[in-house]
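Notes follow once the structure below has been shown.
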Amino acid sequence: TQLLEQSPQFLSIQEGENLTVYCNSSSVFSSLQWYRQEPGEGPVLLVTVVTGGEVKKLKRLTFQFGDARKDSSLHITAAQPGDTGLYLCAGRGAGSYQLTFGKGTKLSVIP
Amino acid sequence: GAGVSQTPSNKVTEKGKYVELRCDPISGHTALYWYRQSLGQGPEFLIYFQGTGAADDSGLPNDRFFAVRPEGSVSTLKIQRTERGDSAVYLCASSPGASTGELFFGEGSRLTVL
């Protein structure tokens, strides 16, 4: 079983601050995705990374896939209240259709 | 609608009862997934369908859980002899193909077993 550990589990910050959340595993993933989930809704995809060392930017969000494809990070610059939500990383092993999720980081951005 | 539709949105049942949860995927999506999400946890994989067949059911916790997708579109997750530990949000997701793409999730069915 491939496990994804996310940290921190909870994060509460002031509007305008920067933050980084982490997703780590001892397993290698062929691809890794980040989703955001709001209460009462299903997760929504933010990004997919497939190449070791890959960096992708989505407005104020920067995603990085580790060189060994075992870990990833999500950095948010100048957080806004609208960034509040549960951030989930999810990975697929080589040849697997199963997407394994971490437990998530619950982010609260206080105005 | 254009998204994944799940019914019921909420289901309260008594221990020992049988429940069915329905998922209507995005039209044309061949891959369909069921996940279970407990409070404070990430989604936990249950089963994956490619077309009509269950390509991977390794996540089903025991033989009380069963899922079907008879015509390759709508899927039903069936839970027999429900237990309090089955209480969770059951999420359905679909995708255009089987490989590395985005999963489109429904809003989930919240099951409460009293």
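Throughout, protein chains are lettered first and strands after them, A, B, ... in sequence-line order, and every chain is numbered starting at 1.
- Both the backbone and the side chain of A:Leu45 come within less than 4.5 Å of a heavy atom of chain B.
- Around CG of B:Leu114, the count of heavy atoms belonging to other residues, nucleotides or ligands within 6.0 Å exceeds 12.
- The part of B:Ser58 that comes within reach of chain A is its side chain, from C-beta onward, which places non-hydrogen atoms under 4.5 angstrom from that chain.
- With rounding to the nearest 0.5 angstrom, the OG1 atom of B:Thr82 is 11.5 Å from the OH atom of B:Tyr18.
- Neither the backbone nor the side chain of A:Gln6 comes within less than 4.5 Å of any heavy atom in chain B.
- Interface remark: B:Tyr35 contributes side-chain atoms only to the contact with chain A (heavy atom separation under 4.5 Å).
- Partner B:His29 forms a side-chain hydrogen bond (donor to acceptor under 3.5 Å, both in side chains) with one of B:Ser95, B:Ser73, B:Ser94 and no other, that one being B:Ser94.
- The contact between B:Leu103 and chain A is made by backbone and side chain atoms together, counting heavy-atom distances below 4.5 Å.
- Only the side chain of B:Gln37 comes within less than 4.5 Å of a heavy atom in chain A; its backbone stays farther off.
- Residues B:Leu111 and B:Ile79 form a side-chain contact, since some pair of their non-hydrogen atoms from C-beta on lies under 4.5 Å apart.
- Between A:Arg36 and A:Glu38 there is a salt bridge, with a side-chain nitrogen of the basic residue lying less than 4.0 Å from a carboxylate oxygen of the acidic one.
- Using the six-membered ring where Trp is involved, A:Tyr35 and A:Phe101 have ring planes that are tilted, between 30° and 60° apart.
- When heavy atoms are compared at a cutoff of 4.5 Å, A:Leu86 approaches chain B solely by way of its side chain, counted from C-beta outward.
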